[in-house]
Each structure stands twice: as structure tokens, then as C-alpha cells.
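Here's the structure we're looking at; comments come further down.
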Amino acid sequence: MYRTHTCGELRASHAGQAVTLAGWVHRRRDHGGVAFFDLRDRAGIVQVTINPDLAKDVLDLVANVRFEWVLQIEGTVHKRPAGMENPKMETGEIEIIAKNITVLNPSKTLPFMVSGENDLPDENTRLKYRYLDLRRERMTRNMILRHKVVKFMRDYLDKEGFIEVETPIMFKATPEGARDYLVPSRIYPGQFYALPQSPQQLKQLLMVAGLDKYFQIARCFRDEDLRGDRQPEFTQLDLEMSFVHRDDVLKVVEDLYTAMLPAVAPNKKLLSSPWPKFSYREVVEKYGTDKPDLRFGTELVDVSEVFAKSEFKVFKSALEAGGVVKCIVAPKSADMSRREVDALTESAKALGAKGLATLAVTAEGPKGTAAKFVTPDEVEALRTQTKAGEGDLILFAADARPVVNKVLGGLRLIFRDKLNLADKDVMAFAWVVDFPMFAWNEEEQRWDAEHHPFTMPQLADLDKFDTDPGSILSDAYDMVCNGYEVASGSIRIHRRDIQNKIFQMLGHKDEDIQAKFGHMLEAFEYGAPPHGGMAPGIDRLVMLLADEINIREVIAFPKNQNGRDVMADAPSEVEPKQLKELHIKIVE
Ligand code: ASP
């Protein structure tokens with residue numbers, strides 16, 4: 001038997017017991033002839049004391065032991081003498097007095113320390129030695145949290161009558177707006193499988209199959225530009241239900257997350273229950289984005305009316321061109337330095353603004369770049385509408401509506417971080433609904449699906465296909481949290497005629513539609529039930545729950561920011577023989 005207990009489970013109640021432990025040497029100290037090891041396994045860390053009265057060969061061996069050696073220790077659990085307890089360790093009331101030590105495996109000198117959070121090397125080194133990085137307490141904790149989240153989801157959905165079904169990884173292109181990863185076929189020269197960008201088609205076919213309520217912890221593959229912290233493969237809780245309307249789907253997910261939070265992350269609080277629900281239009285007008293951070297106010301206010309007669313050129317020309325004047329109020333920021341305002345102006349420009357007008361509300365009257373252009377009446381009206389008080393700073397954007405929203409939405413987040421406006425322990429979940437069905441693709445001069453091509457348009461809008469496609473709303477919804485989109489989904493098209501129409505709108509030719517989606521369209525002719533679903537991302541959720549700032553911290557073996565696995569060194573070249581079998585030639 002390698003061990004009788006784990007290191008982390010021992011408590012004062014075990015005092016007097018003989019135990020055998022196995023684990024890694026986390027730290028070692030030597031004090032007046034006595035050696036102390038902190039022995040670590042996944043469950044935690046325990047102090048092992050090696051007194052000088054042990055046999056000489058054991059003591060000789062102990063003298064050589066270094067960090068991260070794997071030891072087996074036989075000893076007895078002792079309560080630490082009064083005053084010697086370590087309240088910072090879960091096992092801090094006890095220590096193990098060793099009787100015998102066996103080295104199970106030594107370790108080379110480590111590329112970086114596993115104990116402690118300081119002095120971490122750059123991320124590529126961590127990823128190259130990910131198996132060591134994962135030994136760190138924080139990373140182990142993240143992996144355990146992820147396990148708990150997924151386990152909770154499985155158990156909960158099982159109780160709600162969902163069944164988990166695995167769908168193929170090697171399939172056919174399933175568009176979600178990204179490029180496909182392709183897998184060449186050896187048996188069918190020149191033909192390829194595509195890795196699914198999501199199981200979208202398959203879960204809909206499961207509904208046609210009558211499975212009613214499906215879920216899967218699904219891996220999705222999207223060959224996208226590596227902006228932000230995207231990963232080429234990521235995990236979703238994919239789910240689909242038959243005979244449901246939008247709110248039935250939202251309820252399942254809202255109830256699941258509401259029940260899950262106290263079970264997996266008791267330190268996190270929901271901002272509100274039930275979750276707020278916004279229309280896409282409303283949320284963009286109020287927060288400048290369709291993935292708002294609701295943990296703080298500082299909302300966008302449309303003050304076009306206030307400035308309807310303004311002679312301030314910046315405002316006047318924007319309004320005359322059909323644009324808007326909007327603002328946000330940064331609390332207690334009236335005394336911001338010139339340098340800070342300049343930096344904000346640069347940020348505003350990077351977000352698309354031509355400049356940034358500011359108005360500081362001070363006891364001596366308005367200050368800031370807009371001060372000399374606004375009348376006392378306008379200031380009065382502005383203060384009434386925005387509720388700006390003395391000491392606040394008003395920031396304006398005047399331009400076309402989408403530009404203004406983007407600029408102020410971005411500035412709002414800058415103030416969030418600058419003034420610490422958001423409580424990190426709050427999870428501000430919300431729904432965004434009533435998205436536009438199509439987005440105009442300027443480059444390719446055609447309509448794209450805003451969500452994906454299987455999304456149901458709102459029935460009231462069905463007659464606008466030929467007249468005003470841009471105004472058609474879809475039955476799609478997003479779930480947002482703390483400034484991230486954490487899920488999206490929709491009620492699906494279950495009628496072949498509508499599905500066909502959408503494919504045509506998106507510019508697919510008839511032969512194309514048949515070749516790409518013939519199987520779906522045919523399935524819809526055999527009694528497809530009305531259905532809908534969604535897919536909350538798991539990586540991002542665990543990231544937020546773990547207080548991490550990128551998803552790589554909650555994925556065991558992620559690709560780095562350049563899309564490489566630096567541990568295994570992938571992607572990598574393959575043998576010419578393999579290429580030949582696959583009928584592939586590399587063109588330099
Ligand atoms: N397949 C969609 C996605 O991956 C989610 C859904 O519509 O259920 O975003």
C-alpha cells in the first residue's frame with residue numbers, strides 16, 4: 001500500500017495514528033539537527049518532522065532530499081505543542097513524526113519553483129512545463145473548481161431530465177462564423193472531415209431524433225485570429241430542448257447557474273435574481289456594448305436634446321449629420337490631471353472618436369474642454385438629466401450613434417478599472433435578447449447571420465425579407481456576465497422553407513446549400529419538432545469564478561497566445577510517408 005491517507009486530510013482527530021503518506025517535497029527547512037519537510041499531494045500539505053534519532057541510513061538519505069522529490073513517509077500523527085500550530089495550514093494543528101522514509105523518485109532541479117506564487121517565469125515557460133505549473137496550488141485549485149462546475153452541471157441537468165449524448169469530432173463544416181479545422185481523409189483522397197465549430201447541427205438532429213432534452217460538455221474548434229485570449233479549441237455546455245420557447249431555455253440555464261454558484265464558489269454573489277433581461281438595442285444604448293458589465297452604473301445618457309440648439313461645433317455638426325451627443329459621468333473625477341485627460345482622449349480616439357469633450361462639475365463652475373462652449377442653461381439641464389454632482393466629470397462623445405456607443409462603452413470600462421467600480425465577487429449575469437437577424441458584410445457586400453444560420457427569425461418580421469432584412473429581429477439570446485458574453489443560443493428554424501430562405505439570404509447557392517446542408521434540410525422534412533437551445537462557455541465561466549484574467553489559467557493544457565502547444569511542440573511537421581498516405585503535398 002503506497003499510502004493510508006492523503007497529506008491534506010490529516011487533522012487533530014488523527015493524533016496518535018500511524019500513517020503512511022506519499023507526495024512531493026514542497027519545502028524543506030533544517031533547525032538544529034531536525035529536518036522539516038512540507039509534504040504535498042493534491043489534497044494539501046502536511047509538515048513532516050525528521051528527528052536526529054532515526055537510523056543513520058535514513059538520515060543520510062534525508063540529507064540529499066531536494067524540492068519536488070517524491071517520498072513515501074511512514075510516521076505517526078502528533079498534535080503540535082500549544083503555540084506551535086500554524087493556522088494558515090489546514091493541517092496546521094498536527095505534524096507527522098517520521099519513522100521511515102523511502103525515496104520513490106528524485107527530481108532534477110526545477111525550471112521554476114512550484115511552491116509560492118512569486119517569481120513565476122514567463123507564460124511560455126509555464127506552458128512548456130505545464131505538468132509542473134499544474135502542481136502549483138492555485139492551478140490545482142483551478143482544475144478542481146473546473147471539475148466541480150462540470151460535475152454540478154451534469155448532475156443538475158440529469159435531474160432535470162436531460163441526457164448527455166456525445167457527438168462526433170470528425171464531421172462536416174458547421175458554421176459559427178469562423179474558419180474550419182480540416183482533417184484529411186486517407187481513404188477518400190482529396191476529401192476532408194471538418195472539426196465542428198460547435199455541435200449545432202448535430203444537436204438539432206438529436207431533436208429531430210426525438211431525444212427532447214440533450215446536453216454535452218462539448219469541445220468546439222474554431223480557426224480564428226488569435227485576438228484576446230481565444231483558444232483554437234474550447235469547451236461549452238452545449239444544450240438543446242424540444243417544444244420550448246425562448247424563456248423556457250433561459251429558465252433552465254438561469255436556474256442551473258443560480259443553484260451552482262453557492263455550491264461551487266460560495267464567495268461569489270449574484271448581482272440580482274431573477275437576472276435582468278435587455279433587448280439588444282436597449283443594452284447597446286445604455287452600456288455601449290452588447291456584453292455589458294452591470295456591476296456598476298456610469299450608464300450612457302443621450303443628451304442630444306440638451307444640445308439641440310448648441311453652437312459648440314463638435315456637438316452641432318454631429319447632430320446636423322444625424323448623429324447623437326451622449327455622455328457618461330465619471331464619479332469624483334473632476335480633479336483629473338491634464339495628463340490623465342490626455343490619456344483618456346487617446347483611448348477615445350483608439351475607440352473611434354475624433355476627440356473627447358469633458359465637463360468637470362466644480363464648486364467654481366464648469367471646467368474642462370467643453371466648459372466655454374456650454375451655456376448655464378445647458379449645464380443645468382445636463383445636471384438634471386445625468387444627475388452629475390459636484391466633483392464629477394462628464395465625458396461626451398458626439399458622432400454617429402454606433403461610434404458614440406462604442407467610444408463611451410469603452411471609456412466606461414476604463415473608469416471601472418481606474419476607479420475600482422466593480423466588485424470582483426459579484427457575478428452580474430443578465431440576458432440580452434432580440435438581436436438583429438443579419439449583419440451587413442461591407443467587404444463581401446452580403447448579409448451575414450448575426451448568430452448562426454439556424455436561428456429562427458421573429459415571426460412578426462417574416463415579411464421583411466424582401467423589403468428590409470436589416471430590421472429583422474431573431475429569436476437569439478446571449479447570456480452576459482461582468483463584461484463578457486458567456487453564452488449564446490436561439491430558438492431554431494424547424495421548417496425547411498424558412499431555413500432555405502435564410503441560406504439564400506446569406507448568399508449560398510442552391511447547389512451549395514444541398515451539398516453543405518442537404519442532410520439538415522432533409523431531416524427537417526421528417527417531422528422536426530420546434531426546438532431551441534444554447535451553449536454557455538465553460539472556460540470563461542471558470543475563469544470568472546477563479547478570479548483569473550485569461551482562460552488559459554483554467555485549461556489544463558492550453559495553446560499559447562500564438563496558438564502553439566509549447567509543451568509538445570505542436571503543430572509540428574509530419575513524416576513524408578504520412579503526407580503521402582493522405583495524398584497531401586506541402587507547397588512552400
Ligand atoms: N452553437 C451556438 C454557439 O456555439 C450556441 C447555440 O446556438 O446553441 O455559439
Side-chain angles (χ1 to χ4, degrees), residues 153 157 162 164-169 171-181 194-208 211-224 230-242 244-254 256-257 280 290-291 431-439 448-458 473-481 484-494 498-499 502 506 516-517 520 528-541 551:
M153 289 171 165
L157 290 170
F162 284 76
E164 185 168 7
V165 181
E166 287 177 84
T167 55
I169 297 292
F171 189 55
K172 200 174 165 104
T174 294
E176 295 279 358
R179 214 172 275 118
D180 290 317
Y181 284 102
L195 306 186
Q197 292 181 34
S198 82
Q200 186 61 40
Q201 295 187 46
L202 294 151
K203 66 174 168 177
Q204 290 192 241
L205 293 171
L206 289 174
M207 295 303 102
V208 182
L211 291 189
D212 211 316
K213 286 171 156 187
Y214 140 95
F215 82 98
Q216 177 179 199
I217 306 298
R219 200 66 65 81
C220 304
F221 306 87
R222 299 183 191 177
D223 189 357
E224 293 181 285
R230 281 185 189 159
Q231 285 283 305
E233 53 180 302
F234 59 91
T235 309
Q236 289 182 338
L237 165 62
D238 196 43
L239 52 89
E240 196 74 9
M241 306 164 73
S242 291
V244 286
H245 296 293
R246 178 191 78 193
D247 288 351
D248 301 315
V249 181
L250 303 194
K251 182 168 171 17
V252 166
V253 176
E254 182 167 332
L256 160 62
Y257 276 55
Y280 170 81
D290 60 1
K291 30 179 184 286
W431 297 111
V432 182
V433 301
D434 295 338
F435 280 86
M437 180 80 195
F438 302 110
D448 280 339
E450 184 75 48
H451 185 41
H452 53 54
F454 311 108
T455 295
M456 183 72 115
Q458 295 196 3
L473 295 181
S474 73
D475 218 346
Y477 29 85
D478 274 2
M479 173 176 151
V480 298
C481 184
Y484 294 98
E485 176 201 310
V486 290
S488 53
S490 59
I491 295 300
R492 325 298 184 186
I493 300 166
H494 62 277
I498 304 180
Q499 186 65 75
I502 300 286
L506 299 175
K516 285 187 183 147
F517 305 111
M520 284 283 278
H531 59 286
M534 68 188 306
I538 291 188
D539 308 294
R540 182 84 54 210
L541 170 72
I551 59 173

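Note that the structure is a prediction, hence the values are computed from the model and not measured. Just so you know, residue 1 is the first one in the sequence shown, and it goes up from there. Each ligand, and each atom within it, is numbered from 1 in the order the structure gives.
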TODO: Please identify each residue that fulfils side chain to side chain contact (heavy atoms under 4.5 Å, CB included) with Lys172, with sequence neighbours left out.
DONE: His519

Task: Tyr280 and Phe435 aromatic ring geometry - parallel, tilted or perpendicular at 30°/60° bounds - done: tilted

Task: For Arg540, side chain to side chain donor-acceptor pair (under 3.5 Å) partners two or more places apart - done: Asp229

- [ ] Please list, by chain and number, the protein residues whose heavy atoms come under 4.0 Å of ligand 1.
- [x] Glu176, Ser198, Gln200, Lys203, Arg222, Gln236, His451, His452, Ser488, Gly489, Arg492, Gly533, Met534, Ala535

- [ ] Examine the side chains of Ser198 and Gln236 and answer whether a donor and an acceptor come within less than 3.5 Å of each other.
- [x] no

Task: Residues in salt bridge (charged side-chain N to carboxylate O under 4.0 Å, His left out) contact with Arg179, at least two apart in sequence or another chain - done: none

- [ ] Only one of Arg246, His245, Lys251 passes side chain to side chain contact (heavy atoms under 4.5 Å, CB included) with Asp248; say which it is.
- [x] His245

